[in-house]
K.L.:
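Dumping the structure here so I can ask a few things about it.
None of the values given here were measured: they were computed from a predicted structure.
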Amino acid sequence: MANDNFILTQEGKVKLEEELHYLETEKRAEMGERIKTAREFGDISENSEYDDAKNEQGMVEARIAEISRILSEATVVTAPKRSNKVNIGSVVTVDMGGKERVFTIVGGAESDAAAGKISNESPVGSALLGHKKGDVVETTGPTGRDIVMTIVKIEH
């Protein structure tokens with residue numbers, strides 16, 4: 001992550017804490033067991049099971065470090081309860097050319113496009129911030145295509 005300014009919703013913070021707990025307890029123990037078992041297969045210089053286990057262990061440790069860093073540097077924001085504008089944490093329903101789409105605006109560290117959680121730094125997320133229900137918002141998407149959205153509903 002190039003940006004050192006992590007923004008999380010309370011829900012995103014809890015999910016990262018749960019993932020960190022799982023990785024530090026269960027996944028680390030599982031990786032240690034895999035490495036131990038792979039060592040029993042013999043010479044580790046030609047042991048693909050051992051190499052795979054060590055590579056996965058490295059990825060788990062990297063993810064633990066990444067989550068720890070995000071949690072230590074993050075600013076946790078809460079969407080205002082009584083706001084008629086789009087904020088981080090808002091669930092926004094928009095009309096995009098006749099199709100309704102629902103987005104939750106979150107910080108970059110917890111964005112997940114497949115789940116409808118878009119970053120406040122993304123073209124669509126940043127364009128929606130600060131707008132009200134009924135506003136027509138135009139932006140250029142990551143592929144260079146123009147995107148026109150009408151805000152139908154804002155929930156917090």
K.L.:
Are V92 and I151 side-chain neighbours, meaning at least one heavy-atom pair lies under 4.5 Å?
P.N.:
yes

K.L.:
State, with a plain yes or no, whether a side-chain heavy atom of I105 is found less than 4.5 Å away from one of N87.
P.N.:
no

K.L.:
Could you tell me whether the side chain of I118 reaches within less than 4.5 Å of the side chain of S111, counting heavy atoms only?
P.N.:
no

K.L.:
Would you please test E138 and D146 for side chain to side chain contact (heavy atoms under 4.5 Å, CB included) and show each step?
P.N.:
CA-CA 7 Å; E138 296 183 37; D146 288 335; over 6 Å; no

K.L.:
Does any non-hydrogen side-chain atom of N84 lie less than 4.5 Å from one of I154?
P.N.:
no

K.L.:
Decide yes or no for T9 and E110: does some side-chain heavy atom of the first lie under 4.5 Å from some side-chain heavy atom of the second?
P.N.:
yes

K.L.:
If you count the non-hydrogen atoms of other residues, nucleotides and ligands that lie under 6.0 Å from CZ in R28, is the total more than 12?
P.N.:
yes

K.L.:
Rounded to the nearest 0.5 Å, what's the gap from CD1 on I70 to CD on E19? Could you check?
P.N.:
9.0 Å

K.L.:
How many angstroms lie between NZ in K15 and CG in L20, if you round to the nearest 0.5 Å?
P.N.:
16.0 Å

K.L.:
Same cluster or not: I64 versus L8, using hydrophobic residues (I, L, V, M, F, W, Y) connected whenever any side-chain heavy atoms lie under 4.5 Å apart?
P.N.:
yes

K.L.:
Give me the atom names and distance for the closest heavy-atom approach of S119 to G107.
P.N.:
OG-C, 4.3 Å

K.L.:
When you measure from the side chain of D52 to the backbone of E49, do you find a donor-acceptor pair of N or O atoms at a distance under 3.5 Å?
P.N.:
no

K.L.:
Taking CZ in R39 as the centre, count heavy atoms belonging to other residues, nucleotides or ligands within less than 6.0 Å. Is the count above 12?
P.N.:
no

K.L.:
Is there side-chain contact between V94 and T150, with heavy atoms separated by less than 4.5 Å?
P.N.:
no

K.L.:
Tell me yes or no: between the side chains of S90 and E155, is some donor less than 3.5 Å from an acceptor?
P.N.:
no

K.L.:
Which pair of non-hydrogen atoms, one from S126 and one from P123, has the smallest distance, and what is that distance?
P.N.:
OG-O, 3.4 Å

K.L.:
Measuring from atom NZ of K153 to atom CD of E100, what distance do you get when rounded to the nearest 0.5 angstrom?
P.N.:
8.0 Å

K.L.:
Atom CZ of R69 and atom CG of L71: how far apart are they, to the nearest 0.5 Å?
P.N.:
11.5 Å

K.L.:
Exactly one of E61, Q57, E56 should register a side chain to side chain donor-acceptor pair (under 3.5 Å) with K27. Which one does?
P.N.:
E56

K.L.:
If Ile, Leu, Val, Met, Phe, Trp and Tyr residues are connected whenever their side-chain heavy atoms lie under 4.5 Å apart, and connections chain through other members, are V14 and V91 in the same group?
P.N.:
no

K.L.:
Give me the atom names and distance for the closest heavy-atom approach of G141 to I147.
P.N.:
CA-CD1, 3.6 Å

K.L.:
Would you say I67 ends up clustered with V60 if hydrophobic residues are merged whenever their side chains have heavy atoms under 4.5 Å apart, either directly or through other cluster members?
P.N.:
yes

K.L.:
Hey, what do you get for NZ (K54) to CG (D51), rounding to the nearest 0.5 Å?
P.N.:
10.0 Å

K.L.:
Kindly indicate, with the supporting measurements, whether the criterion side chain to side chain contact (heavy atoms under 4.5 Å, CB included) is fulfilled by V106 and N120.
P.N.:
CA-CA 6 Å; V106 297; N120 63 312; over 6 Å; no

K.L.:
Evaluate the side-chain proximity of M149 to V124: yes if any heavy-atom separation is below 4.5 Å, no if none is.
P.N.:
yes

K.L.:
Is there a salt bridge (charged side-chain N to carboxylate O under 4.0 Å, His left out) between R34 and E30 once you walk through the steps?
P.N.:
CA-CA 6 Å; R34 268 191 70 196; E30 179 186 314; 5.9 Å; no

K.L.:
Please tell me whether V152 and F103 are part of a single hydrophobic cluster in this structure, the criterion being side-chain heavy atoms less than 4.5 Å apart.
P.N.:
no

K.L.:
Evaluate the side-chain proximity of L23 to R63: yes if any heavy-atom separation is below 4.5 Å, no if none is.
P.N.:
yes

K.L.:
May I ask you to say whether E11 pairs ionically with K117, meaning some side-chain N is under 4.0 Å from a carboxylate O?
P.N.:
yes

K.L.:
State the CG-CG distance between D135 and L128, to the nearest 0.5 angstrom.
P.N.:
10.0 Å

